[in-house]
Amino acid sequence: MSELSFEQMLEESLKTIRTGEIVTGKVIDVKEDEIVLNIGYKSDGIIPRSEYTDDQNLNLTTVVQVGEEMEAKVTKVNDGEGQVALSYKRLAADRGNKKLEEAFENHEVLTAKVAQVLDGGLSVVVEGARVFIPASLVSDTYEKDLTKYADKEIDFIITEFNPKRRRIIGDRKQIMVAKRAELQKELFDKIHAGDVVEGTIKNVTDFGAFIDLGGADGLLHISEMSWGRVESPKKAFKAGEKVKVLIKDINGDKIALSLKFPETNPWKDASEKYAVGNVVNGKVARMTDFGAFVELEPGVDALLHVSQISREHVEKPADVLAIGQEIEAKVVDFNEDDKKISLSIKALQGQDEAAAEDAPVYSDEV
């Protein structure tokens, strides 16, 4: 037995290892900040915490157990204390780089968790190898704040692979563009003018709102937001809201949307509500020198000409009326084809006087 041990010792003393070599060993000791491996060499191998993980707070005893077999890369044959310096992290990075190289050559889509959000983009780690995704290649739209991607898993492809210069570049934008093109085709194949669809408000401007229909955006112009007037789209809608819209028109890749649903058209039964002779109530919406426009209901305005405001002479509507003022008037003209209604307050004043003149006079005389 002693002779066999001597032979083993002789073999171990003759065994050589080189920097960069991959060795396999058994864990014989684990401390909070280092792992000791028996690698079948005259000296043990040491993996410090910094060569096992980027997490400098990790307690190695929680992830590695005595008796485990591990592979590592030799960084120094003699670390200055007679032991072999090893790196688990660099071995993992080498293998990760190999995987990235294959993915680069095969245009393979990879999935990895975002390890770090940087000023200029995102950093992801694939089996120990780092990939940088520039901010311009993170999405198919400009994104000012990338913090929402922290710790999220994302898909990407490798568009540049040069580990010697530490340039391994990922691209998520290409995947999103291709996916959006596919979704766009599917969307345009199934939608038609007149359809009612649900979308998500993506962006609101002074002139309208862009709505994501799941593959393409449609424009809901301010003039199509209501049968009535909308002063500010930004006050009426917020990004992220779900909304059901009517597809008004499709022109190439442009989709015009509307919230003016035919069944809610206020002119549908206007001929009955605003027939000539009817007395109606409305609110002064705007004024010109020749008259005031009165909103009878959202989407239905009527003209109160200056000559019809009073039996007395009125120079300008603003002299006797105010924006937002509630008025009562008589419908004197109704044109459904042109959607025009004319009102008169003067006509009511004439009726009031006539009614007063026709009223019976009672005398106290007997």
Side-chain angles (χ1 to χ4, degrees), residues 4-106 108-116 123-133 151 153-154 156-158 160-170:
L4 182 62
S5 297
F6 176 77
E7 288 177 358
Q8 287 177 329
M9 290 172 64
L10 181 63
E11 185 182 342
E12 286 182 8
S13 67
L14 295 174
K15 180 179 178 181
T16 59
I17 58 174
R18 295 181 301 277
T19 299
E21 185 178 339
I22 307 301
V23 295
T24 302
K26 182 175 285 188
V27 177
I28 58 175
D29 190 21
V30 184
K31 300 174 184 177
E32 287 188 10
D33 59 354
E34 72 175 19
I35 302 165
V36 183
L37 288 182
N38 178 352
I39 55 174
Y41 185 61
K42 61 184 179 181
S43 303
D44 291 330
I46 304 294
I47 304 176
R49 178 161 48 197
S50 61
E51 289 298 333
Y52 182 86
T53 177
D54 288 328
D55 182 358
Q56 294 308 301
N57 295 315
L58 179 66
N59 183 343
L60 296 179
T61 63
T62 64
V63 290
V64 178
Q65 304 296 321
V66 171
E68 287 184 30
E69 276 203 348
M70 287 184 65
E71 284 187 314
K73 187 173 186 177
V74 177
T75 57
K76 284 183 182 178
V77 176
N78 187 332
D79 64 0
E81 296 182 4
Q83 295 172 312
V84 182
L86 303 175
S87 176
Y88 175 79
K89 194 167 71 173
R90 295 187 204 185
L91 173 61
D94 287 346
R95 290 176 174 170
N97 279 338
K98 182 64 177 174
K99 178 170 183 175
L100 293 177
E101 184 177 17
E102 292 173 356
F104 171 67
E105 292 172 350
N106 300 326
E108 180 186 348
V109 175
L110 299 172
T111 302
K113 183 183 285 189
V114 174
Q116 203 174 1
S123 174
V124 299
V125 178
V126 177
E127 294 186 9
R130 287 193 172 270
V131 178
F132 178 65
I133 303 176
D151 297 322
E153 282 202 340
I154 60 173
F156 58 94
I157 58 173
I158 303 299
E160 186 176 343
F161 182 78
N162 192 338
K164 289 182 180 178
R165 292 183 57 197
R166 294 189 175 182
R167 278 187 64 84
I168 304 177
I169 305 299

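Since the model is a prediction, treat every value here as computed from it, not as a measurement.
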Check: E105 side chain, E102 main-chain N or O, donor-acceptor pair, under 3.5 Å: no
Locate the shortest heavy-atom distance separating T61 from Q65; write the atom from each residue and the value. O-NE2, 3.6 Å
What's the separation between atom CD1 in I17 and atom CG in N78, rounded to the nearest 0.5 Å? 9.5 Å
Is there a side-chain contact between I46 and I35 (heavy atoms, below 4.5 Å)? no
Please step through side-chain contact (heavy atoms from CB on, under 4.5 Å) for the pair D44 and L37, ending with a clear verdict. CA-CA 6 Å; D44 291 330; L37 288 182; over 6 Å; no
When M70 is tested against each of V64, L86, T24 for side chain to side chain contact (heavy atoms under 4.5 Å, CB included), which residue passes? V64
Mind checking the NZ-OG1 spacing from K42 to T16? Nearest 0.5 Å is all I need. 10.0 Å
Looking at residues at least two apart in the chain, or sitting in another chain, which of them share a ring pair (Phe, Tyr, Trp, His ring centres under 6.0 Å) with Y52? Y88
Taking it one step at a time, do I158 and V131 satisfy side-chain contact (heavy atoms from CB on, under 4.5 Å)? CA-CA 8 Å; I158 303 299; V131 178; 3.9 Å; yes
Which residues share a salt bridge (charged side-chain N to carboxylate O under 4.0 Å, His left out) with E32, sequence neighbours left out: none
Give a yes or no on whether the backbone of L58 and the side-chain of R49 come within a donor-acceptor separation of less than 3.5 Å. yes
If you look at every heavy atom in T62 and N59, which pair is closest and at what distance? OG1-O, 2.6 Å
Compare all side-chain heavy atoms of T111 with those of I154 and state whether any distance is below 4.5 angstrom. no
So do the side chains of K76 and V84 get within less than 4.5 Å of each other, counting heavy atoms only? no
Within a 6.0 Å radius of atom CD on Q56, are there more than 12 heavy atoms belonging to other residues, nucleotides or ligands? yes
Between D151 and K113 (salt bridge meaning N to carboxylate O under 4.0 Å), is one present in this structure? no
Step by step, work out the side-chain contact (heavy atoms from CB on, under 4.5 Å) result for E21 and T19. CA-CA 6 Å; E21 185 178 339; T19 299; over 6 Å; no
For residues N162 and F104, determine if any side-chain heavy atom of one lies less than 4.5 Å from a side-chain heavy atom of the other. no
Assess the residue pair V30 and V36 against the criterion (side-chain contact (heavy atoms from CB on, under 4.5 Å)); give the C-alpha distance rounded to whole Å, side-chain angles, the decisive distance to 0.1 Å, and a yes or no. CA-CA 6 Å; V30 184; V36 183; over 6 Å; no
Gap between atom CG of D55 and atom CG of L60 - 0.5 Å precision: 9.5 Å
Quick check for you: to the nearest 0.5 Å, what is the distance between L91 atom CG and I47 atom CD1? 9.0 Å
Within-4.5 Å side-chain heavy-atom neighbours: V23 and V74: yes
With sequence neighbours left out, what residues match D54 under salt bridge (charged side-chain N to carboxylate O under 4.0 Å, His left out)? K89, R130
Flag the pair R90 and E51 as a salt bridge only when some basic side-chain nitrogen lies within less than 4.0 angstrom of an acidic carboxylate oxygen. yes
I'd like to check the side-chain hydrogen bond (donor to acceptor under 3.5 Å, both in side chains) partners of Q83; sequence neighbours left out, ordered by chain and number. none
Report the residues that fulfil salt bridge (charged side-chain N to carboxylate O under 4.0 Å, His left out) with E71, sequence neighbours left out, ordered by chain and then residue number. R95
Salt-bridge contact E69-K26 (side-chain N to carboxylate O under 4.0 Å): no
I'd like to check the side-chain contact (heavy atoms from CB on, under 4.5 Å) partners of N97; sequence neighbours left out, ordered by chain and number. L100, A129, F161, P163, I168
For A115 versus V125, what's the shortest heavy-atom pair and its separation? CB-CG2, 3.8 Å
